[in-house]
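Structure record follows, encoded as structure tokens.
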Amino acid sequence: DAGVTQSPTHLIKTRGQQVTLRCSPKSGHDTVSWYQQALGQGPQFIFQYYEEEERQRGNFPDRFSGHQFPNYSSELNVNALLLGDSALYLCASNIGQTYQETQYFGPGTRLLVL
Amino acid sequence: GESVGLHLPTLSVQEGDNSIINCAYSNSASDYFIWYKQESGKGPQFIIDIRSNMDKRQGQRVTVLLNKTVKHLSLQIAATQPGDSAVYFCADTGGGADGLTFGKGTHLIIQP
């Protein structure tokens, strides 16, 4: 039973660039949530996708956008990167239709913005 | 702001002792609570959860206690082992499939 997978594992970008991160949910899960975790902090909720639509959004600017594909995988896009966007980006999945809240996390993508 | 926070940033315990990690939350509407364990360089790992209609739930070597009156949550780890060394986060949600709100975490250190 495959868990949540994310790619790439590490990424280095420069200010102003754009980045796309990818996530495949745990087998049988249809809902994907994205979180940003700064060093020494707890994860911060960015947004959640269900049925290919953004269902809920945290307090993040429009530079952060996403997409969910018919196979439930998801992408997180960040435009006009800032130094402060350097963080571990986590993807979590759960079964949304039956409101199974337990979210299972992937290993994350560590983004460094120079 | 955050609706969930932890009282102590670091907790040091002797191997074999029991560990208690505490958490306070502020959102009265929160009805689902989860404890995660995060090892260095990894994503959070689900440990145990509890719903607001329960006061206590037990797993393997772990127990979660919920006190809704004072909005307090705790994680008890029995017979702490070196592999328990990690950062522990509590998280809550208002229900349904909402995004989780995390606290800052408690770093559990196991002394030999």
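Lettering of chains follows the sequences in order, A, B, ..., and the numbering in each one begins at 1.
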Checking heavy-atom separations under 4.5 Å from chain B, one finds in residues 79-93 of chain A A:L88, A:L90

### Task
Could you go through the side-chain contact (heavy atoms from CB on, under 4.5 Å) check for A:Q37 and B:F89 one step at a time?
CA-CA 12 Å; A:Q37 186 176 24; B:F89 292 98; 3.5 Å; yes

Does [X] belong to the same Ile/Leu/Val/Met/Phe/Trp/Tyr cluster as [Y], with side-chain heavy atoms less than 4.5 Å apart forming each link?
X     : Y     : value
A:Y50 : A:L76 : no
B:V62 : B:F33 : yes
A:I95 : A:Y49 : no
A:V32 : A:V19 : yes
A:Y72 : A:L21 : no

**Prompt:** Just wondering, more than 12 heavy atoms not from A:R15 lying within 6.0 Å of its CZ?
**Reply:**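 Incorrect, the count does not exceed 12.
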
| request: Might you confirm whether atom CZ of A:F47 has over 12 heavy atoms from other residues, nucleotides or ligands at distances under 6.0 Å? | output: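 Yes, CZ of A:F47 has more than 12 neighbouring heavy atoms, counting only those of other groups under 6.0 Å.
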
Please report the interatomic distance [atom1]([X]) to [atom2]([Y]), rounded to the nearest 0.5 Å.
X      : Y      : atom1 : atom2 : result
A:T102 : B:I34  : OG1   : CD1   : 5.5 Å
B:K42  : A:F105 : NZ    : CZ    : 16.0 Å
B:T101 : A:Q44  : OG1   : CD    : 8.0 Å

Going by ring-ring contact (aromatic ring centres under 6.0 Å, His included), name the pairs with one or both residues in residues 44-64 of chain B, residues two or more places apart or in two chains.
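Sorted pair list: A:Y104-B:F46.
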
- Query: Taking C-beta and beyond as the side chain, do B:F102 and A:Y35 meet within less than 4.5 Å on heavy atoms?
  - Reply: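 In short, these two side chains touch, coming nearer than 4.5 Å.
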
Honestly, the part of B:Q45 sitting under 4.5 Å from a heavy atom of chain A is neither

Other ILVMFWY residues reachable from A:L112 by side-chain steps of under 4.5 Å:
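The other cluster members (ILVMFWY side chains, heavy atoms under 4.5 Å, direct or chained) are A:I12, A:L114.
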
Identify the residues of residues 53-61 of chain B whose heavy atoms come closer than 4.5 Å to a heavy atom of chain A, ordered by number, or report 'none'.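 Checking residues 53-61 of chain B against chain A gives no residue, so none.
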
